[in-house]
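Down below is the structure, laid out as structure tokens.
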Amino acid sequence: MCYPQRMMNVEQTIKRGLGNLERLQAERGSWPSDYGGPMFLLPMWVALAYVTKRLPNAHRTERLLTYFTNVQRPDGSIGLHAESTSGSMFTSTLSYVAMRLLGMQAEDPRATTLLGWIHSNGGALGAASWGKFTLCLLGLYDWKGIVPLLPELWILPPEAPLHPSRLWCHARMVYLPMAWLYGNKCIAADDPLLRSLREELYQGTYQDIAWEAQREVVAKADSYRPSTAALKGVNLAQVGLEKLSGLLRKRALDECLKLIRHEDAATHDLDIGPVNAVLNMFVHHFRGSEGRADFERGWPKFDDAYLWDGHDGLKMQGYNNAELWDTAFAMQAITASERAGVLTPDDTKRVLGKAYEFLRANQILEDVPEAARHYRHPSRGGWPFSNREHGWPITDCTAEGLKCALALEGRFEGKIPELLLHDAVRLMLSWQNADGGWATYEKQRGGTWLEALNPSQVFGDIMIDASFVECTSACIQALVKAKERFGSRFQLDDVIARGVAFLRSQQRPDGSFEGSWAVCFTYGTWFGISGLRAAGVKQDDPAIQRAVNFLLSKQRSDGSWSEHGDTCRERRWLEGDAGHAAQTSWAMSALLRAECTDRAAIDRAAEWLCAKQEADGSWAREPMVGVFNRTCLINYDCYRHYFPVWALAEWKQASLSPLGRLTSEM
Ligand code: LAN
């Protein structure tokens, strides 16, 4: 394609893409979207609804069953996530139970194929630990058959290396209600359906199962992190300690409950994520009349926030929503289009004005009450992933939020006060780790050795919050802008330099950076290059050159990039089936930011993105690219709407500059 024609093509694509973004924007300024994918969440919620006699009405039940059916794999199983390439005993077992609790007959072919898969893959006794735990609550598995989750850990001195406050906040907040429920050995009231399930799930008679022997049993399908010798030792010790638990149990359970209720209050009952949202409600249910008020306050939050009726059925989302995160990226795609001269500030006034208002309305203004006593880091000035109501600020969400706030400062009424921007900077500084990087929610608290005690079996790297390429890059980018804006008010040079050193230390021998929160090397390398370049690392620096060469080596002949979702679990590049718009956008933007001299490669990517746009300005639904804990994919449905626009805007901007450079790219 000749140059002027390509330029026009790109410009029209961006304009159509922005029209689409404007259409999808909600009145409150954000971009609500489907955040489903993980398959262990919905069955846990169904279990709760069943136990508490709150099963949904016929229409919603149908939508739930539609979802289970849509994600069922050709072999009858259900995977850890909706696009898994293999079945999981954990999610297959829980989904089978959920489908039956929702009223599906045992003879229904969807149930029989699922159960057939379970039985021919070793049986439900091999479900991963969180599956066994959920079955225990339903009385479908015996508490003797799981490794004890000692509530007493919570009353250890906080300095103890095994104190749960050292865990990654997501693991900590899941194991907290688990400890309470385990400590009380809670079991739902029995009924004929549950009795029948006890016989359906296991081959042989339920009464004859040797429960103690099942503690470490795990199906091959669920064994991503098999027990280490250290974990086996700790498990044995816990079994011994459980027998002695009498004296301290009440105190420990009281402490757990105090922390659970604090989490509910601090998050307006949303809780940090869908797992503890369900488990905390189980706790309140089993507290009986004492827990009634807490339960009634929390229950509506599932409908308000976690449940999403999508194109493939009614599902439980991985978070209460992804709105702040999506809004911050959409805003950056739009401001990049302004810089590229495709739109004027007048054109974007409405959409950016609303988005800015959402940003302002969702910055966190206060620390949680008695933060330290409840193991919470300060929050004030931070931005969350979803909304202020949720209340847990995150390093890179704060960084993306701050970047947007600074870029749009002074353009709209109802300005974010400068003092709150200072608070955001200060919070980011307080989060920097000793290794120079940034983790997700908190500073690193526990040693990396704790991962050897990961009891989840199906997830990797769940135990501690440690520095990540993405979080570090985002914080560097934001702090560079803060330095431009606030001058010498903050001492940022050394902070940024240490961040750069961390990023450099993470580059792999092949030049790539591994991403942890999306698939995978295109995402990580986009962040790696962006962070280094924002900090002033030159385009001819060997780190940049190596990263560029890596990306070029992975470009497909049609100009796109495509990494398969299993890349993250295998930690090596696996080529995807077809060009992927979000991944192509990351790679292309990375090359532009690196001032890659292979313009032809970049132009091919731009043409590919233009050709793939739909008539309404969107890009078609594509394989999920969000990921957590190495194994579970999650759907960031808006990525396909704004990342291509953003990358194309950078392409246009670079094409306009005499040296083919992005001036102020980020
Ligand atoms: C998220 C969502 C946001 C995400 C980003 C901000 C995008 C990332 O850059 C840092 C990590 C973070 C905060 C993240 C971590 C893991 C989460 C919380 C999730 C993917 C959403 C759901 C997931 C959570 C762990 C799901 C529940 C499962 C457990 C294993 C507890």
Side-chain angles (χ1 to χ4, degrees), residues 33-42 44-45 80-81 90-91 128-131 133-134 167-178 224-225 267 270-280 305-306 316-329 382-387 390 392-401 431 437-442 454-475 477-478 515-520 523-524 526-527 531 568 582 624-636 638-639:
S33 71
D34 185 329
Y35 197 49
M39 285 312 299
F40 51 100
L41 307 172
L42 186 55
M44 293 180 77
W45 176 80
L80 185 64
H81 60 81
F90 170 30
T91 47
S129 53
W130 294 15
F133 185 91
T134 309
L167 297 178
W168 183 40
C169 52
H170 276 279
R172 178 166 95 228
M173 293 325 242
V174 166
Y175 283 107
L176 172 67
M178 279 190 175
Y224 182 68
R225 282 285 151 94
T267 60
L270 288 166
D271 298 324
I272 192 170
V275 181
N276 78 325
V278 168
L279 294 177
N280 285 10
Y306 281 107
M316 179 92 167
Q317 304 195 98
Y319 219 78
N320 63 318
N321 67 58
E323 287 180 28
L324 194 287
W325 184 246
D326 279 325
T327 302
F329 281 144
W383 271 279
F385 178 67
S386 53
N387 53 13
H390 176 282
W392 280 81
I394 299 175
T395 58
D396 53 359
C397 300
T398 302
E400 300 299 344
W431 271 323
W438 277 264
T440 62
Y441 291 76
E442 289 160 345
N454 176 349
S456 74
Q457 298 157 331
V458 287
F459 302 117
D461 300 348
I462 195 183
M463 297 295 276
I464 59 160
D465 205 355
S467 299
F468 292 98
V469 167
E470 296 98 313
C471 302
T472 304
S473 168
C475 289
Q477 294 175 50
S516 295
W517 306 110
V519 183
C520 174
Y523 189 65
W526 180 58
F527 275 107
C568 298
M624 296 194 286
V625 283
V627 71
F628 57 89
N629 304 111
R630 304 247 175 257
T631 54
C632 195
L633 295 191
I634 185 160
N635 183 22
Y636 287 76
C638 282
Y639 279 8

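Order of appearance sets the numbers: ligands from 1, and atoms from 1 within every ligand.
Between the Y306 side chain and the L270 main chain, a donor and an acceptor come within less than 3.5 Å of each other. Although no hydrogens or angles enter the test, the distance criterion places a donor-acceptor pair under 3.5 Å between the side chain of R172 and the main chain of L167. A donor-acceptor pair under 3.5 Å is formed between the side chain of D465 and the backbone N or O of E442. Side-chain atoms of E323 never come within 3.5 Å of backbone atoms of N387 as a donor-acceptor pair (strictly under, hydrogens ignored). A donor-acceptor contact shorter than 3.5 Å is absent between the side chain of N635 and the backbone of Y35.
With hydrogens and angles left out, the side-chain atoms of T440 and W168 include a donor and acceptor closer than 3.5 Å.
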Provide, line by line, the atom pairs where ligand 1 and the protein bring an N/O atom each to a distance under 3.5 Å; else say none.
residue  : atom  : partner : partner atom : Å
ligand 1 : 9 (O) : D396    : OD2          : 2.3

